[in-house]
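Note that the structure is predicted; figures quoted are calculated from it, not measured.
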Amino acid sequence: MDEISINYTRARQSMVENQLLPGGVREARLCKIMGDIPREAYLPDELRPLAYMDKDISLACGALLAPLTFALLAELAAVQENELVLDIACATGYSTAVLAALGNTVVGLEENADLTAQASQTLASQNIDNAVIVNGNHAEGQAAQSPYDVIFINGFVPKIHPKLSDQMAENGRLVCITQDKGALCGVCLTRQKGGISRHIAFERTAPLVAGFMTETGFSF
C-alpha cells in the first residue's frame, strides 16, 4: 500500500464507523477523540499504512493494540476528565495521547528506552502537554505519582504484581486483557473499601505485555 495514496482523515472516520461502532463501542467522546487523533503519527514511516487496520501492530519492542481492542479497554476504564491515569506499555505514545484527551493527566510507562524517547518526542510534536513518558518496569508501575484513578495496561497480562495493584486509588480501575476460563478477555478491577472486585467485559485477544511473563503476583 502506497502511503502517499492514503487519506488518513478518511481512514480514521472509517475506523470509527466500520470497527469501533460495529464492535460495540458506544462512548461518543471516545469515538470522537479516536477519530481526531492521528494514529499514523505514532508509527514509523514503514508501518503508517497499517495504522487503521483491525490488527495489533508489532513494533521492534512492544505493540500498538488493534483499534477496537484499545477502544473497548478505554471504554471499560471510563476515564473522567479530572482523573489521573497510568498508561502501562505505552509504546510509541498513541494510547497516552488518547487517554490524555479523556482524562486530566497521564503518566505513560514504557520499559524500552528507544520507545520512551520516541513517545516523548511524538507527544511533544502533537502539542500534548498533560502527559509525560517515563522509562521503567511495566509490572511494578510508577509509584511516585500514585495513587491512580485508572491504570491502563496495553495488552495481555497473566498476573498483576502487588506493587501495581497498590497504586490504585479508592474507586480506581485497572483494565487489561487477561485469561478467564480459557479465553482472553477484557477485565476491569476496581478498588473499593480496601477490596478489589473484578468484572469481565468482553472477549478479545492481545499481545503479552513485556515484563509480566515471569513476575509473581496475584492471578485474575
Side-chain angles (χ1 to χ4, degrees), residues 30 33 61-63 65 70 72-113 115-120 122-124 128-178 186-201 206-220:
L30 174 61
I33 289 168
C61 294
L65 288 179
F70 172 78
L72 288 170
L73 280 175
E75 185 174 57
L76 184 61
V79 179
Q80 303 301 303
E81 293 180 353
N82 64 338
E83 291 188 320
L84 173 63
V85 181
L86 176 62
D87 181 27
I88 295 178
C90 65
T92 58
Y94 172 75
S95 55
T96 304
V98 175
L99 294 169
L102 290 167
N104 184 291
T105 305
V106 180
V107 178
L109 180 63
E110 176 51 52
E111 284 194 357
N112 181 269
L115 287 178
T116 301
Q118 182 181 344
S120 295
T122 306
L123 289 171
I128 296 171
D129 58 8
N130 63 329
V132 61
I133 306 297
V134 297
N135 183 243
N137 185 288
H138 290 158
E140 295 189 4
Q142 182 68 11
Q145 283 78 34
S146 67
Y148 300 97
D149 300 297
V150 173
I151 297 178
F152 187 99
I153 305 179
N154 285 274
F156 165 65
V157 295
K159 294 182 178 181
I160 290 293
H161 196 292
K163 288 183 181 179
L164 186 56
S165 59
D166 288 345
Q167 293 170 33
M168 298 168 65
E170 180 67 15
N171 297 316
R173 289 88 65 205
L174 182 154
V175 298
C176 64
I177 302 294
T178 193
V187 63
C188 179
L189 303 182
T190 303
R191 177 181 291 280
Q192 290 180 320
K193 298 179 180 179
I196 296 179
S197 61
R198 181 180 80 154
H199 169 60
I200 298 293
L208 176 69
V209 178
F212 285 88
M213 186 177 298
T214 59
E215 291 288 340
T216 58
F218 64 83
S219 299
F220 293 91

### Query
In Å, rounded to the nearest 0.5 Å, how long is the span from CD1 of I151 to CG of L174?
5.0 Å

### Query
Which salt bridge (charged side-chain N to carboxylate O under 4.0 Å, His left out) pairs, counting each pair once, include a residue from residues 93-103, with sequence neighbours left out?
none

### Which residues share a side chain to side chain contact (heavy atoms under 4.5 Å, CB included) with A119, sequence neighbours left out
I133

### Close side-chain approach of I196 and S165, heavy atoms under 4.5 Å
yes

## Note on the structure
Nearest heavy-atom contact between V157 and I153 is CG1-CG2, 3.8 Å

## Note on the structure
Residue set satisfying side chain to side chain donor-acceptor pair (under 3.5 Å) with N135, at least two apart, ordered chain then number -> T116

### Query
Can you name the residues that form a side chain to side chain contact (heavy atoms under 4.5 Å, CB included) with A124, not counting sequence neighbours?
none

#### Entry: side chain to side chain contact (heavy atoms under 4.5 Å, CB included) between F70 and V98, intermediate numbers included
CA-CA 10 Å; F70 172 78; V98 175; 3.6 Å; yes

### Task
For L164 and H138, work out which heavy atoms get closest and say how close.
CD2-O, 4.4 Å

#### Entry: Results of side chain to side chain donor-acceptor pair (under 3.5 Å) for Q142 - residues two or more places apart only
Q145

### Residue pair I33 / L102, side-chain heavy-atom distance below 4.5 Å
yes

## Note on the structure
Rounding to 0.5 Å, atoms OH (Y94) and CG (L99) come to a distance of 9.5 Å

Tabulate below the donor-acceptor pairs under 3.5 Å that side-chain atoms of residues 78-90 make, not counting sequence neighbours, or state none.
residue, atom, partner, partner atom, Å
Q80, NE2, A78, O, 2.9
E83, OE1, Q80, N, 2.9
E83, OE1, R173, NH2, 2.8
E83, OE2, R173, NH1, 3.0
E83, OE2, R173, NH2, 3.4
D87, OD1, S95, OG, 3.3
D87, OD1, N154, ND2, 2.7
D87, OD2, S95, OG, 2.6
D87, OD2, T96, N, 3.0
D87, OD2, T96, OG1, 2.7

### Query
Can you list the residues that meet the side chain to side chain contact (heavy atoms under 4.5 Å, CB included) rule with D166, with sequence neighbours excluded?
R191

### Pairwise distance SG(C61) to CG(L115) - rounded to 0.5 angstrom
6.0 Å

### Query
Looking only at heavy atoms, which two atoms of L65 and P207 are closest? And how far apart?
CD2-CD, 3.8 Å

### Task
Enter the distance from K163:NZ to N137:CG here, rounded to the nearest 0.5 Å.
8.0 Å

## Note on the structure
Between D149 and A169 the two heavy atoms that sit nearest each other are OD1-CB, 4.2 Å

### Query
If you take all heavy atoms of G155 and C176, which pair is closest and at what distance?
O-CB, 3.9 Å

### Query
Who passes ring-ring contact (aromatic ring centres under 6.0 Å, His included) against Y148, sequence neighbours left out?
none

### Message
Taking side chain to side chain contact (heavy atoms under 4.5 Å, CB included) as the definition, give me every residue that meets it alongside A201, ordered by chain and number, with sequence neighbours left out.
### Response
L76, H199

#### Entry: Closest non-hydrogen atom pair, E170 against K193
OE2-N, 2.6 Å

